[in-house]
Amino acid sequence: MKRTRIAHALTLPAPQSDLLLKGWVRTVRNGKNVSFINLNDGSNMGGIQIVVPSDMDGIEEVRKLTTGSAVEIVGELVESQGKGQSVEVQATKVTTVGRAAEEYPLQKKGASFEFLRTIAHLRNRSNTFGATFRVRSTLAQATHAFFANRGFVYLHTPIVTGSDTEGAGEMFRVTTLDMDNPPRTDKGEIDWDKDFFGKPAYLTVSGQLNAEAFAMGMSDVYTFGPTFRAENSNTSRHASEFWMIEPEMAFCDLSENCDLAEDFVKHLLRTVLDDCTSDLEFFNQRIDKGLLERLQHVVDSGFERMTYAEAVKRLIDSGQKFEYPVEFGVNLQAEHERYLTETLVGRPTFVTDYPKSIKAFYMRRNDDGQTVGAVDLLVPGVGELIGGSAREERLDVLEDAIRELGLEPEDYGWYLDTRRYGTAPHAGFGLGFERMVMYATGMQNIRDVIPFPRTPRNCEF
RNA sequence: UCCUCAGUAGCUCAGUUGGUUAGAGCGGGGGACUGUUAAUCCCUAGGUCCGCGGUUCGAGUCCGUGCUGAGGAGCCA
């Protein structure tokens with residue numbers, strides 16, 4: 001007999017005999033004539049109700065089943081005699097595969113997210129986290145489907161990089177040197193020439209520069225992989241290891257870049273609305289009351305677009321008092337971004353054309369000489385979901401930008417080659433995948449949307 | 001890194017102005033009842049009150065400090 005996953009079993013017409021289910025016990029309730037098991041195998045939200053008659057062989061073992069135990073059930077799918085479910089399984093055989101010890105920490109009654117983080121290896125068996133990681137998986141697969149449908153090449157950029165000039169944040173060093181006794185140069189400095197790669201190496205903070213190189217030849221590419229930032233960030237939306245999606249498109253300007261970002265976000269939300277209905281209903285009911293309405297609204301309406309200058313003006317004109325005053329030339333504070341996207345606009349908002357002084361060197365200089373072709377996508381509840389730009393494709397302008405930072409263009413050899421040999425306008429963005437999962441589920445902490453989160457001072461599991 | 005708050009049973013929490021032997025619900029163990037739905041009812045076991053130092057006749061409670069966690073800020077995705 002072949003195992004049937006619970007989500008599939010629930011789609012079968014009842015009655016359906018000779019069903020083999022395997023999963024984990026959520027609850028057991030023992031009655032006089034029957035015992036009830038709620039069985040879950042991760043394929044759906046609510047699991048399935050198993051009814052075990054009291055005269056079944058081995059009923060004593062069933063009565064002593066503990067929450068969390070792994071079991072196999074053989075039985076028949078029938079219309080339910082009770083309320084609360086349309087079908088259930090009348091068991092003919094129950095086998096304990098792996099009994100859960102009495103101290104199994106996931107109880108029927110709710111535990112705090114904070115506690116569940118300390119048992120990250122078990123929390124996927126709870127309603128909230130099962131739903132979160134099903135949605136996460138669906139979003140990942142929808143990402144690949146979206147880009148595949150548009151002819152993008154899926155590009156694997158390196159995890160380990162020798163480039164310390166990316167400027168996107170503090171980097172984790174990768175080394176095989178003995179840190180207790182590293183080799184030294186004559187000057188007493190650590191001799192990185194003796195290290196594995198013959199020079200300092202780091203974990204990537206972005207695949208963008210590599211993706212740009214591939215866009216200058218393969219036209220439309222995207223990356224989707226882990227990214228590492230060694231920032232000492234202690235917030236609900238930063239992790240030291242996270243997943244980022246970075247499309248890069250040749251012959252593309254900032255406006256087309258925004259078009260793609262908007263299509264992409266809408267495609268992701270449409271997919272989870274269609275494919276994760278019961279999970280989203282759970283989130284809507286238990287985690288974030290307005291979730292379904294908000295997601296549907298985002299799918300149905302256009303995103304707002306405004307320049308940084310307009311954003312500053314609207315924030316000032318609003319008369320709203322902020323802890324930090326709004327002023328042209330300084331970065332928007334979190335309170336500004338939140339007010340803009342949540343109150344003034346009420347849906348996702350692209351803010352474009354920031355002052356060059358507050359953005360990265362590779363962003364394309366606008367004709368006004370003051371701003372660059374940057375874009376942030378701000379969304380209610382999460383903040384910055386996407387950061388992107390048109391890239392500076394003009395060799396001389398890019399070299400000037402590097403020099404203005406006090407850096408040497410010679411250090412950017414291969415990157416500048418892409419401007420030297422058949423350069424073309426191009427643009428791209430980075431989307432923080434965990435922030436997307438947060439936005440789609442209403443979950444408020446990045447540590448709760450990644451299976452085993454890595455944050456400062458936390459590398460358990 | 002900065003600011004604020006918190007840490008009491010396996011989990012979620014209560015614990016009065018500092019005062020005898022620190023409580024409840026859930027979970028665990030035992031039993032009753034029952035087509036149940038976080039089932040219900042009875043009995044029961046279970047505690048380094050985060051660590052260290054101090055004030056006091058006396059500290060879960062007050063003070064200092066360390067650790068851990070959370071929320072907010074900065075950095076960003």
Side-chain angles (χ1 to χ4, degrees), chain A residues 26-38 46-54 63-64 66-68 78 80-85 88 90 100-119 122 126-127 166-170 205-208 226-246 261 286 322-324 330-338 358-360 376-379 382-388 429-439 444-450 455-458 460:
Chain A
R26 281 288 173 81
T27 60
V28 190
R29 291 178 294 276
N30 292 310
K32 186 179 183 183
N33 301 312
V34 290
S35 291
F36 298 97
I37 299 171
N38 181 271
I48 194 167
Q49 171 154 283
I50 311 294
V51 184
V52 187
S54 301
R63 287 183 175 280
K64 295 198 169 198
T66 47
T67 304
V78 296
S80 178
Q81 296 172 32
K83 295 172 185 170
Q85 59 280 318
E88 62 193 17
Q90 282 286 341
E102 284 75 14
E103 64 271 19
Y104 181 67
L106 277 172
Q107 305 160 191
K108 295 176 190 175
K109 204 170 175 177
S112 65
F113 288 163
E114 192 178 330
F115 168 69
L116 290 169
R117 277 171 217 152
T118 69
I119 51 167
L122 297 173
S126 69
N127 285 335
E166 296 181 25
E170 292 293 313
V205 294
S206 166
Q208 180 198 316
T227 308
F228 307 88
R229 303 274 167 93
E231 303 285 351
N232 191 9
S233 295
N234 293 288
T235 80
S236 55
R237 58 200 102 74
H238 289 86
S240 310
E241 175 184 296
F242 63 99
W243 286 62
M244 187 154 65
I245 297 157
E246 296 180 287
R286 303 287 286 275
F322 297 106
E323 189 181 347
Y324 296 92
V330 299
N331 223 334
L332 296 178
Q333 300 282 320
E335 57 173 339
H336 304 147
E337 295 183 345
R338 224 176 8 245
I358 58 174
K359 287 294 179 181
D376 284 353
L377 176 64
L378 311 176
V379 300
V382 172
E384 187 177 340
L385 179 65
I386 282 175
F429 61 83
L431 178 143
F433 185 59
E434 282 74 19
R435 292 186 180 175
M436 188 67 222
V437 180
M438 290 168 74
Y439 189 54
Q444 294 192 336
N445 196 310
I446 197 167
R447 300 170 182 92
D448 296 328
V449 300
I450 187 166
T455 51
R457 304 195 62 82
N458 176 31
E460 294 302 306

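What you see is a predicted model, and the numbers here were worked out from it, not measured in a lab. First the proteins, then the strands, lettered A, B, ... as listed; each starts at 1.
Heavy atoms of A:L385 sit under 4.0 angstrom from primed sugar atoms or phosphate atoms, though from no base atom. Using a 4.0 Å heavy-atom cutoff across all strands shown, A:E246 reaches no nucleic acid atom at all. Residue contacts shown for A:Q49 include a base, since a base heavy atom lies under 4.0 Å away. Within 4.0 Å (heavy atoms only), A:G31 reaches at least one base atom of the nucleic acid. Base engagement by A:F36 is indicated by at least one non-hydrogen atom pair under 4.0 Å involving a base atom. Within the 4.0 angstrom heavy-atom criterion, only backbone atoms of the sugar-phosphate kind lie near A:R447; the bases stay farther away. When heavy atoms are screened at a 4.0 angstrom cut-off, A:I386 is found touching the sugar-phosphate backbone but no base atom.
Taking 4.0 angstrom as the limit, A:R435 places none of its side-chain polar atoms (N or O) nearer than this to OP1 or OP2 of B:A77. For B:U68, the OP1/OP2 oxygens have a side-chain nitrogen or oxygen of A:R457 closer than 4.0 Å.
Judged by distance alone, with hydrogens and angles left aside, A:Q85 brings a side-chain donor or acceptor within reach of the base of B:U36, the pair sitting under 3.5 Å. One can find a donor-acceptor pair under 3.5 Å joining the base of B:G35 and the side-chain atoms of A:Q81. For B:G74, the base has no donor-acceptor partner in the side chain of A:E337 [N/O atoms by modelled type, under 3.5 angstrom]. Checked by distance alone, A:N30 brings no side-chain donor or acceptor within 3.5 Å of a matching partner on the base of B:U34. The base of B:C75 lies close enough to the side chain of A:S233 for a donor and an acceptor atom to sit less than 3.5 Å apart. If you check distances only, the side chain of A:R237 never reaches the base of B:C75 with a donor-acceptor pair under 3.5 Å. For B:G71, the base has no donor-acceptor partner in the side chain of A:Q444 [N/O atoms by modelled type, under 3.5 angstrom].
Stacking is found between A:F242 and the pyrimidine-like six-membered ring of the B:A77 base under the 5.5 Å centre-distance and 30° plane-angle cut-offs.
As rounded to the nearest Å, B:G46 and B:G10 have C1' atoms that lie 9 Å from one another.
At whole-Å resolution of the value, CZ in A:R338 and P in B:G74 are 8 Å apart. Rounding to whole angstrom units, CZ of residue A:F115 and P of B:G27 are separated by 15 Å.
Judged by distance alone, the side chains of A:S206 and A:E246 do bring a donor and an acceptor atom under 3.5 Å apart. With no hydrogens or angles considered, a side-chain donor-acceptor pair links A:N30 and A:S35 at under 3.5 Å. Side-chain atoms of A:R457 and A:N234 form no donor-acceptor pair, as typed in the model, at a separation below 3.5 Å.
Pairing for B:U4 is with B:A70, a Watson-Crick or G-U wobble pair whose two hydrogen-bonding atom distances lie under 3.5 Å.
In terms of heavy-atom proximity, A:R237 sits nearest to A:V382 at CD-O, 3.4 Å.
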